[in-house]
Amino acid sequence: MARTLRQSKIIELISKQEIETQDELAFELRKLGFEITQATISRDIKELGLIKVISAETKKSKYAFLENNETSLISKYITIIREAIISIKPTSNLVVIKTIKGAGTIVAATIEKLNLDKVLTTLSSEDSTVIVCEDQNTTREIVAKINDILYE
């Protein structure tokens, strides 16, 4: 689970800020309480399929995902969230997903990337994700689709 949580934080970090080096990434993870080595950072970067790109704003290099490898990226996200999800409960037109601490954001991002029909939006916190569905009937369909994806 530590690997899952760490990798979800890496995804979150590079999505929110420009991380240029493995040292910067390690520094940011240490600030979040992760004990990390350079070898682990390197392995995570490889497993997540991160690449270096040039930032349009700063003209510096930064870690990013391969744009043309979206299917592979979604597959990696699904692998991560399989370990991160604790429970999925439908209620009214909402689906409430409880996650391990720190994984709520990555679960929400993955749900958004799946482009499920009738999902209006997702909301997340550190340990949960809420999916807002079009109507109450759709809620059960969305839960079934998510379960199919997670447990296929």
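Owing to the predicted nature of the structure, the values given are computational and were not obtained by experimental measurement.
- Residues meeting the side-chain contact (heavy atoms from CB on, under 4.5 Å) test with Lys31, sequence neighbours left out: Phe27, Glu28.
- The environment of CD in Gln17 is crowded: more than 12 heavy-atom neighbours from other residues, nucleotides or ligands sit within 6.0 Å.
- Between Lys16 and Glu12, at least one side-chain N (NZ, or NE/NH1/NH2) sits under 4.0 Å from a carboxylate O, which counts as a salt bridge.
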Can you check side-chain contact (heavy atoms from CB on, under 4.5 Å) on Ile86 and Thr99, steps first, answer last? CA-CA 5 Å; Ile86 295 169; Thr99 70; 5.6 Å; no

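- The residue from Asn147, Val107, Ile100 that alone fulfils the side chain to side chain contact (heavy atoms under 4.5 Å, CB included) condition with Ile85 is Val107.
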Given the rule in the side-chain hydrogen bond (donor to acceptor under 3.5 Å, both in side chains) test, do Gln136 and Asn93 qualify, once you have shown the distances and angles that lead to the verdict? CA-CA 4 Å; Gln136 193 170 5; Asn93 71 319; over 6 Å; no

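- Contact of the Glu112 side chain with the Thr121 side chain is registered, since non-hydrogen atoms from C-beta on lie closer than 4.5 Å.
- Annotation: the span from Thr4 atom OG1 to Glu83 atom CD amounts to 3.0 Å, rounded to 0.5 Å.
- Among all heavy-atom pairs drawn from Tyr63 and Thr21, the shortest one is CE1-C, 3.8 Å.
- With rounding to the nearest 0.5 angstrom, the CZ atom of Arg3 is 7.5 Å from the CG atom of Asp44.
- Expressed to the nearest 0.5 Å, how far CG of Leu29 lies from CG of Leu5 amounts to 9.5 Å.
- Between the CG atom of Leu50 and the CD atom of Gln22 there is a distance of 10.0 Å, given to the nearest 0.5 Å.
- Thr138 places no side-chain N or O within donor-acceptor distance of the main-chain N or O of Glu134, the cut-off being under 3.5 Å.
- Contact check for Thr91 versus Thr139: no side-chain heavy atoms found under the 4.5 Å cut-off.
- Here the shortest heavy-atom pairing between Glu18 and Glu24 reads O-OE1, 3.9 Å.
- When hydrophobic clusters are built by joining Ile, Leu, Val, Met, Phe, Trp and Tyr residues whose side-chain heavy atoms come closer than 4.5 Å, directly or via intermediates, Val143 is not grouped with Leu123.
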Please list, one pair per line, the donor and acceptor atoms closer than 3.5 Å that link side chains of residues 124-133 to other protein atoms, with sequence neighbours excluded.
from, atom 1, to, atom 2, distance (Å)
Ser125, OG, Ser128, N, 3.4
Ser125, OG, Ser128, OG, 2.8
Thr129, OG1, Gly104, O, 2.7

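- Taken together through direct or relayed side-chain contacts under 4.5 Å among Ile, Leu, Val, Met, Phe, Trp and Tyr, Leu94 and Ile97 form parts of separate hydrophobic clusters.
- Interatomic distance, CD1 of Ile36 versus CD1 of Ile41, reported as 4.0 Å (0.5 Å rounding).
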List the steps and the verdict of side-chain contact (heavy atoms from CB on, under 4.5 Å) for Glu35 and Arg30. CA-CA 6 Å; Glu35 292 183 26; Arg30 285 186 188 108; over 6 Å; no

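- Looking at Lys89 and Val95, their side chains never come closer than 4.5 Å, going by heavy atoms from C-beta outward.
- Between atom CZ of residue Arg6 and atom CG of residue Leu25 there is a gap of 10.0 Å, rounded to the nearest 0.5 Å.
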